[in-house]
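In what follows, a structure is listed as structure tokens, so that the remarks can point back to it.
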Amino acid sequence: MRFSRYFLPVLKETPAEAQIVSHRYMLRAGMIKQASAGIYSWLPLGFRVLRNIERIIHEEQQRAGHLPILMPTLQSAELWRESGRYDDYGQEMLRITDRHGRDMLYTPTAEELVTDIFRAHVTSYKDLPLTLYQIQWKFRDEIRPRFGVMRGREFYMKDGYNFDIDAEHALHAYNRHMVSYLRSYERMGLKAIPMRADSGPIGGEDTHEFLVLAETGESEVFYDSAITELSLGAREIDYSDWDQCALIAREWTTPYARTDETHDQALFEREVPEERRRVSRGIEVGQIFYFGTKYSAPMGATVTNDRGEQVPVHMGSHGIGVSRLVGAIIEASHDERGIVWPEGVTPFHAGIVNLRQGDAETDRACEDIYAALTEAGLEPLYDDREERAGAKFATMDLIGLPWRITVGPRGLKNGVVELTCRRTGESEELSPELAVARIREIYAGS
RNA sequence: CGGGGCGUAGCGCAGCCUGGUAGCGCGUCUGUUUUGGGUACAGAAGGUCGUGAGUUCGAAUCUCGCCGCCCCGACCA
């Protein structure tokens, strides 16, 4: 993409309403524009990141055997009366009346609708296990939206639902989700810690929240520092292997890690040696639940088991805040100059900075690099504006592309360009061909 | 919803107290200049002062209503 043909309205000054760093940078980098309180439009750069996160989640969900579907944002109140949540959910649920006076609502979550789909089509234990998920807009009429996309009223969320014949199978689904979530966050360059949590309005018995450590987090968290050392890395995972999933889940849930909701100071002090105790803040970026037959029983989502009995299915649900993750990643990865995107979610793989726009040789060198990267299946952002070097550098730093190739007449005289890592600030001079090769290497396999 | 604050050019703000018909910086446009970390000079465009009513000869400024946004609290992916 050429900067001159892109829509990237960067701001030099910070809009007054933005309080936290991710919100400030998202506005300054031209990623979002507020439409009203807690509701945002996504501009091209922000939309790219949102799509990248979404893509990773889709890939990891399907790798775990889960099936993507898409359910409507507007739902009839009827199903919600059936589960009893129409009255329970409270003011947070946005209620709408259609022209016939029918009660509708903008979905805050979709247990009812997915259960309705399930009971209409699944009748035998032989069709289990089944896990359906979607990535869809949700609306929760928060009392006080704030922090940009971190606590919007409208937000983009992955929500999944597993249906299993009994508690043991549902437990495997729970573990499987934990592993698939850990993998997803890792691919996004995030350290997200599963923490024992409260179930809130979803209800249920077992639940973990995934927290990204950041000073601006809304939850206070208490954990054993050992947990931040854990990593899935290149481990081969077989999602149909109950033991492997259970082992990984145990690995991540054994060290003490809880939010203020469930924190137990005495247990914390008993279990964790003092030098490993950490008290910090975290951003919730996902949660998984097992809630048994809470919805299946009242809504009649039953199957016939192998003894010919009608039994309600055991269910769980799982959510990842996709739009919130955009903010959370920035909170976890930025410096005083701007965003530092992890390679997994970056809106463009590399930036090309032309230091002497209009100089025939420099222009051509930039075009060649641009073509070579594009040829390699990568998406560069070429800053071809008539701007001074300083302005171009400042923009690149702000929008946070992890790699930058700087091309100027001075270097070209010696046959070199500069390759700079946004995270470390380290630069090296090398030939244009080598610079392209290095970038290809960095993104190989992703 | 309780408490606090704000709404003036695309963005950041001053002007309001003490009414006299709107200004600064950045950005934008034109030209010249400059070119390896937000260049300099000259010129230009751009505002129903959130909105409705009231007071007044006269309202951005005073009064009341409404709308919107932000911050603190109780709640949440």
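This structure is a prediction, so every number in the text was calculated from the model and none was measured.
To the nearest whole angstrom, the two P atoms, one in B/rA9 and one in B/rA74, are 35 Å apart. Straight-line distance between the P atoms of B/rC13 and B/rG50: roughly 15 Å, to the nearest whole Å. On the C1' atoms, B/rG31 is 16 Å away from B/rU39, given to the nearest whole Å. Using C1' as the reference atom, B/rG15 and B/rC6 are 16 Å apart when rounded to the nearest Å. B/rG46 and B/rC24 have their C1' atoms separated by 15 Å, with the value rounded to a whole Å. Nucleotides B/rC64 and B/rA59 have their C1' atoms positioned 15 Å apart, rounded to a whole Å. Between the C1' atoms of B/rU8 and B/rA22, the separation comes to 8 Å (whole Å). Comparing B/rU61 with B/rG20, their P atoms are spaced 11 Å from each other, to the whole Å.
Atom-to-atom, CG of A/N354 to P of B/rG37 comes out at 15 Å; the value is rounded to the nearest Å. Counting to the nearest Å, the P atom of B/rU28 and the CD atom of A/E386 are 13 Å from each other. The interatomic distance linking A/E218 (CD) with B/rG73 (C1') rounds to 13 Å, in whole Å. Note: NE2 (A/H23) to P (B/rC70) measures 8 Å, nearest angstrom. Distance, A/Q91 CD to B/rC75 C1': 12 Å, rounded to whole Å. Per the geometry, CZ belonging to A/R422 stands 16 Å off P belonging to B/rG37, to the nearest Å. One interatomic measurement links the two molecules: CE of A/M195 to P of B/rA77, which rounds to 15 Å at whole-angstrom precision. Look at NZ on A/K392: it is 13 Å from C1' on B/rG37, rounded to the nearest Å.
Distances shown here put every side-chain N or O of A/Q34 at or beyond 4.0 Å from the OP1 or OP2 atom of B/rG68. An OP1 or OP2 oxygen of B/rG27 is reached within less than 4.0 angstrom by a side-chain nitrogen or oxygen of A/K12.
Looking at heavy-atom distances under 4.0 Å, A/D159 makes no contact with the nucleic acid at all. When heavy atoms are screened at a 4.0 angstrom cut-off, A/R404 is found touching base atoms of the nucleic acid. Heavy atoms of A/V353 sit nowhere under 4.0 angstrom from any nucleic acid atom. Within the nucleic acid shown, A/E142 comes within 4.0 Å of at least one base atom, counting heavy atoms only. A/G152 comes within contact range of at least one nucleobase, with a heavy-atom separation under 4.0 Å.
Taking the ring centroids of A/Y290 and A/Y174, they lie at or beyond the 6.0 Å cut-off. Between A/H263 and A/F222, the ring center distance clears the sub-6.0 Å criterion.
Partners of A/Y223 according to the ring-ring contact (aromatic ring centres under 6.0 Å, His included) rule, which considers only residues two or more places apart in sequence or in another chain, do not exist here. With sequence neighbours excluded, the residues forming a salt bridge (charged side-chain N to carboxylate O under 4.0 Å, His left out) with A/E59 are A/R55, A/R187, listed by chain and number. Residues satisfying the ring-ring contact (aromatic ring centres under 6.0 Å, His included) test with A/Y156, not counting sequence neighbours, are A/W137. For A/R183, the side chain to side chain donor-acceptor pair (under 3.5 Å) partners two or more places apart in sequence, or in a different chain, are A/E60. Taking A/F3 as the reference, nothing meets the ring-ring contact (aromatic ring centres under 6.0 Å, His included) condition, with sequence neighbours excluded. Judged as a ring-ring contact (aromatic ring centres under 6.0 Å, His included), and not counting sequence neighbours, A/Y25 has no contacts. With sequence neighbours left out, the side chain to side chain donor-acceptor pair (under 3.5 Å) criterion links A/D164 to A/N162.
Base pairing annotation: B/rC24 forms a Watson-Crick or G-U wobble pair with B/rG12, both donor-acceptor distances under 3.5 Å. Figure legend. B/rU34 is base-paired to no nucleotide; pairs are counted as Watson-Crick or G-U wobble with both atom distances under 3.5 Å. Nucleotide B/rC69 forms a pair with B/rG5, judged by Watson-Crick or G-U wobble geometry with both contacts under 3.5 Å. Across the strands present, B/rG52 finds its partner in B/rC64; the criterion is a Watson-Crick or G-U wobble pair with both atom distances under 3.5 angstrom.
Across A/S22 and A/I330, no two heavy atoms sit closer than the pair CA-CG2, 3.6 Å. Contact between A/P342 and A/I329 at its shortest, heavy atoms only, is CD-CG2, 3.6 Å.
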* **Protein-to-nucleotide contact annotation, 5' to 3' order, nucleotides 31-36 of chain B [B base; S sugar-phosphate only; - none; under 4.0 Å, heavy atom]** => ---BSB

* To do: List the protein contact pattern of nucleotides 1-6 of chain B with one symbol per nucleotide (5' to 3'): B for base contact, S for sugar-phosphate-only contact, - for none; contact means a heavy-atom distance under 4.0 Å.
  => B-----

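Ring pair A/F139/A/Y106 is tilted by interplanar angle, where 30° to 60° counts as tilted.
Listed nucleotides: B/rA77, B/rC75, B/rG27. Nearest to the side chain of A/R146: B/rC75.
Closest-nucleotide positions on RNA chain B for A/M157 and A/A391 were compared, and the one nearer the 5' end corresponds to A/A391. Between A/G321 and A/A394, the residue anchored nearer the 5' end of RNA chain B, judged by the nucleotide with its closest heavy atom, is A/A394.
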Report each atom pair, protein N/O against N/O of nucleotides 8-13 of chain B, whose distance is under 3.5 angstrom.
unit_1 : atom_1 : unit_2 : atom_2 : d
B/rC11 : O2     : A/E13  : OE1    : 3.1
B/rG12 : OP1    : A/A16  : N      : 2.7

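Residue pairs that meet the ring-ring contact (aromatic ring centres under 6.0 Å, His included) test with at least one member in residues 381-416 of chain A, sequence neighbours left out, do not exist here. Contacts classified as ring-ring contact (aromatic ring centres under 6.0 Å, His included) and involving residues 43-62 of chain A (residues at least two apart or in different chains) are given here: A/H58-A/Y133.
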